[in-house]
Amino acid sequence: MARLQLDQLSKRYGEFYAARDVTLDVADGEFLVLLGPSGCGKTTTLRMIAGFVEPTAGTVRLGGVDVTRLPAWKRNTGLVFQNYALFPHLTVAQNVAFGLEMRKVPQSEAKRRVAEVLDLVRLGHLGDRLPRQLSGGQQQRVALARALVFRPDVLLLDEPLSNLDAKLRQEVRVEIRKLQQSLRLTTVMVTHDQEEALTMADRLVVMNEGAVRQVGTQRDLYERPADRFVAGFVGRSSFLSGMLETPERFRSRGGIAVACRAAGTGPATLSLRPERVVVSPAPPAGVENAFPGEVEFVSYLGGLIDVHVRLSPDDLVIAQIANRESGFVPGVGDKVHVGWSAGSASVFLESGESAGADEVQPAEAAD
Ligand SMILES: Nc1ncnc2c1ncn2[C@@H]1O[C@H](COP(=O)(O)OP(=O)(O)O)[C@@H](O)[C@H]1O
Ligand SMILES: [Mg+2]
């Protein structure tokens, strides 16, 4: 168990940065998730932590010790891959014991540790089976046991659930999280799956094009996305493009003047969470923004309903409304009104500065 610190860690292949200036501080016992689209540098970052990819620049510290130049086997990290990479001709117990023999752990000690860790992942009764005699979820647990048997200072998981079907993935998610919490194991998991990231992490790191875009809790990322990319990648948003004319007024390309709470002026994008938008037959009261529009699309998601409302040829807003017995549910083609409070939108200046994320407090936005 240890604190993990990355300082300006970069990996360059020729002119191309697979990871660039990645700086992270993972607390002892924390579950950190690296989230981002395919190719954004998640695996590269994880493998630099494990010691399988040599950084071009920057440092990795584990428990305060600089391990950047240490080979993988001297680092005491446990790495679990997406494809479990079990030895097909070895039993479950032999698969788990394999690395211990390599590390010259005495046989009696190895046996005890294998039994202990197989119990931990609830495979104590299946030690004699071969991998092909196990389900996908069980195989993944063997891979996990194989990483845990070293009592790693940090557990590294690279898309560990992506080979499992949807239902099993949810179960294993909970299992891994519980195990991590009971062992208080510093863990870094990589995924491109937003829901997986949100349900498992203590904190998340959103990456894009090799760089960290934002680090924070689920709430930080959702309520105060640092930029347009994060707003679009974590949760859903409607985006209106236009100009921030004053810090309090955004003018959309379609000509709509939106009251907001931002900072600065210039070309900008306004981002709006669907559940912050109300839809009603008459202009909504009590919100700074109210606009007429026409329903373009309605999608039933069970308890929730998505309503796409066109405010102008250039401006479309998605509202997510609760499916209540007495609630108003518009149909396609209906003339409706939408509304939202000034504090509930985020505005991102095109110049790259976040337009006032620091001024807009989540409490204000919530009203
Ligand atoms: N050995 C390599 N040589 C050249 N490019 C690589 C190598 N490994 C990874 N890359 C590139 O670096 C980028 C990041 O890769 P990776 O870290 O695997 O992304 P992720 O895990 O987020 O999908 C990708 O564009 C990938 O093609
Ligand atoms: Mg990857």
Side-chain angles (χ1 to χ4, degrees), residues 4-24 26 31-60 62 67-72 75 77-86 136 139-140 143-144 146-147 152 154-166 169 172-173 176-177 180 186-201 203-216 218 221 225-235:
L4 171 69
Q5 294 156 285
L6 310 184
D7 188 27
Q8 302 210 295
L9 202 59
S10 298
K11 180 65 187 181
R12 196 157 48 81
Y13 294 106
E15 293 300 296
F16 174 78
Y17 279 91
R20 185 165 204 156
D21 290 335
V22 175
T23 297
L24 294 172
V26 193
F31 195 121
L32 190 83
V33 171
L34 305 185
L35 173 67
S38 176
C40 73
K42 305 179 297 292
T43 293
T44 302
T45 303
L46 205 70
R47 294 178 78 87
M48 285 194 285
I49 300 170
F52 293 117
V53 168
E54 194 186 344
T56 310
T59 57
V60 178
L62 200 48
V67 298
T68 317
R69 302 294 152 206
L70 282 189
R75 287 192 190 195
T77 61
L79 181 58
V80 178
F81 303 95
Q82 166 181 347
N83 54 357
Y84 334 115
L86 302 178
Q139 289 183 38
Q140 185 53 290
L144 195 60
R146 202 171 46 176
V154 53
L155 179 65
L156 306 171
L157 307 168
D158 194 349
E159 311 249 5
L161 309 179
S162 53
N163 277 356
L164 307 177
D165 64 49
R169 209 178 304 155
V172 180
R173 234 187 234 171
I176 291 181
R177 180 62 167 141
Q180 180 271 335
T186 310
T187 301
V188 181
M189 183 178 88
V190 159
T191 182
H192 64 275
D193 183 323
Q194 176 195 143
E195 193 189 308
E196 191 170 297
L198 293 174
T199 51
M200 293 179 76
R203 274 192 313 153
L204 301 104
V205 178
V206 181
M207 291 183 71
N208 192 35
E209 295 176 346
V212 171
R213 303 298 283 264
Q214 189 170 4
V215 183
Q218 287 79 344
L221 301 185
D227 59 25
R228 198 206 138 116
F229 175 80
V230 176
F233 198 77
V234 179

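Atoms within a ligand are numbered from 1 in the order they appear, just like the ligands themselves.
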_Residue pair Thr68 / Gly58: nearest heavy atoms and the distance that separates them_ = CG2-O, 3.5 Å
*Who gets closest to atom 14 (C) of ligand 1 by heavy atom: Gly39, Ser38, Ala19?*
Gly39
*Give the atoms of ligand 1, by number and element, whose distance to some non-hydrogen atom of Cys40 is under 4.0 Å.*
19 (O), 20 (P), 22 (O)
_Heavy-atom pair of closest approach, residues Ala19 and Thr45_ = CB-OG1, 3.9 Å
*Which of the atoms of ligand 1 are close to Thr43, meaning less than 4.0 Å from one of its heavy atoms?*
17 (O), 18 (O), 20 (P), 21 (O)
*Of the non-hydrogen atoms in Ala85 and Arg146, which two are nearest, and what is the gap between them?*
O-NH1, 3.0 Å
_Can you tell me if Gly36 contacts ligand 1 (heavy atom of the residue under 4.0 Å from the ligand)?_
no
*When you measure from atom 16 (P) of ligand 1 to every protein heavy atom, which one gives the shortest distance, and what is it?*
Thr44 OG1, 3.6 Å
*Salt-bridge criterion met for Glu54 and Lys11 (N-O under 4.0 Å)*: no
*Please say whether Ala18 places an N or O atom under 3.5 Å from an N or O atom belonging to ligand 1.*
no
_Sub-4.0 Å protein heavy atom next to atom 27 (O) of ligand 1_ = no
*Starting from atom 10 (N) of ligand 1, which protein heavy atom do you reach first, and at what distance in Å?*
Tyr13 CE1, 3.8 Å
*Report yes if Phe16 has an N/O atom closer than 3.5 Å to an N/O atom of ligand 1; otherwise report no.*
no
*State, to 0.1 Å, how close Gly210 and Val22 come at their nearest heavy-atom pair, and which atoms those are.*
O-CG2, 3.9 Å
*Would you say the side-chain atoms of Lys42 pair up with the backbone N or O of Pro37, donor to acceptor, closer than 3.5 Å?*
yes
_Greater than 12 external heavy atoms within 6.0 Å of Gln5's CD_ = yes
*Is it true that some N/O/S atom of Thr44, main chain or side chain, lies under 2.8 Å from the Mg ion (ligand 2)?*
no
